[in-house]
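Here is the structure we will look at, set down as structure tokens.
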Amino acid sequence: MQHSDKIKTILLVDDDIDLLEQNKILMESKGFNVVTAESGKEGFEVFTKIKPDLAIIDLIMEEYDSGFILCHRIKKTEHGKRIPVFILTSATYDTGFKFSSETKEEREWIKCDGILNKPVVVDELISKLNNYFDE
């Protein structure tokens with residue numbers, strides 16, 4: 001993928017409105033265009049309409065697996081196969097389960113390109129995003 005100077009659009013899906021707004025403002029301050037959705041259903045509708053360059057999806061929304069389901073739906077689309085999709089989770093803290101997408105098997109099963117833990121460390125997130133966009 002060639003790096004272009006076009007402003008990248010990120011789809012951010014989270015049912016925590018405060019976090020959604022906070023992360024949107026932080027990412028916009030780093031030069032990204034951010035579009036938000038507050039549920040898995042709305043997230044898929046927005047995804048198909050705007051075709052973002054990248055998606056960041058909260059794991060636990062309406063259901064415990066809403067993020068996984070949305071990832072699967074996105075990755076089944078032609079556009080979804082071409083863009084990075086990250087799952088955002090605090091499940092490690094909430095449940096003690098550690099999710100990972102380190103191995104090919106885990107990425108196959110989870111259908112995402114990376115797991116981001118809440119609370120988000122913005123500089124870490126931005127450097128991850130830039131790595132994807134610079135490839």
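Positions are given from 1 along the sequence.
Residues Lys76 and Lys81 share a closest heavy-atom pair of O-NZ, 3.8 Å. The two residues Gly40 and Met61 come nearest to each other via the heavy atoms N-CE, 3.9 Å. Here the closest non-hydrogen pair linking Arg73 and Thr77 is O-CG2, 3.5 Å. Contact between Gly67 and Ile57 at its shortest, heavy atoms only, is CA-CG2, 3.7 Å. Scanning both residues, Phe47 and Pro52, for their nearest heavy atoms gives CD1-CD, 3.5 Å. Nearest heavy-atom pair across Lys24 and Leu12 is N-CD2, 3.8 Å.
Ile83 is listed as a side-chain neighbour of Val85, based on a closest heavy-atom distance under 4.5 Å. In this structure the side chain of Ile60 never reaches within 4.5 angstrom of the side chain of Phe68, judged on heavy atoms. Looking at Phe32 and Asn130, their side chains come closer than 4.5 Å, going by heavy atoms from C-beta outward. Contact of the Leu70 side chain with the Glu42 side chain is not registered, since no non-hydrogen atoms from C-beta on lie closer than 4.5 Å.
Remark: side-chain polar atoms of His79 are not paired, donor with acceptor, to backbone N or O of Ile74 under 3.5 angstrom. The backbone N or O of Asp16 sits nowhere less than 3.5 Å from a side-chain atom of Glu38 that would complete a donor-acceptor pair. Not a single donor-acceptor pair under 3.5 Å links the side chain of Lys8 to the backbone N or O of Asp53. With hydrogens and angles disregarded, no donor-acceptor distance shorter than 3.5 Å links the side chain of Asp15 to the backbone of Ser39.
In this structure, Asn23 has no side chain to side chain donor-acceptor pair (under 3.5 Å) partners at least two apart in sequence or on a different chain.
Considering CG of Leu129 and CZ of Phe86, their distance stands at 6.0 Å, rounded to 0.5 Å. The structure places CD1 of Ile10 at 8.5 Å from CG of Asn33, a figure rounded to the nearest 0.5 Å. Rounding to the nearest 0.5 Å places OG1 of Thr89 at 10.0 Å from CG of Leu116. To the nearest 0.5 angstrom, Thr9 atom OG1 is 8.0 Å from Ile7 atom CD1. From Lys75, atom NZ reaches atom SG of Cys112 across 8.5 Å, with rounding to the nearest 0.5 Å. Here the NZ-CG distance, from Lys128 to Asp123, works out to 13.5 Å after rounding to the nearest 0.5 Å.
The cluster map of Ile, Leu, Val, Met, Phe, Trp and Tyr, joined by side-chain heavy atoms under 4.5 Å apart, puts Val13 and Val46 in the same cluster. In this structure, Phe133 is a member of the same hydrophobic cluster as Ile126, with clusters built from ILVMFWY side-chain heavy atoms closer than 4.5 Å. Note on Leu54 and Ile50: separate hydrophobic clusters, where clusters join Ile, Leu, Val, Met, Phe, Trp and Tyr whose side-chain heavy atoms are under 4.5 Å apart, directly or indirectly. Ile115 and Tyr64 fall within a single hydrophobic cluster, where Ile, Leu, Val, Met, Phe, Trp and Tyr side chains are chained together by heavy-atom contacts under 4.5 Å.
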Original post:
When you look at Leu59 and Ser66, which way does the side-chain contact (heavy atoms from CB on, under 4.5 Å) test go after all the steps?
Top reply: CA-CA 6 Å; Leu59 172 60; Ser66 292; over 6 Å; no
**OP:** Check the pair Leu20 / Asp14 against side-chain contact (heavy atoms from CB on, under 4.5 Å), numbers first and verdict last.
**Re:** CA-CA 6 Å; Leu20 196 61; Asp14 197 328; 3.6 Å; yes
Subject >> Pair Ile56-Leu125, side-chain contact (heavy atoms from CB on, under 4.5 Å): steps then yes or no >> reply: CA-CA 10 Å; Ile56 299 174; Leu125 172 63; 3.9 Å; yes
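Other residues, nucleotides and ligands contribute at most 12 non-hydrogen atoms within 6.0 Å of the CD atom of Glu124.
Ion pairing between a basic and an acidic side chain is recognised when a charged N comes within 4.0 Å of a carboxylate O; Glu45 and Lys41 show such pairing.
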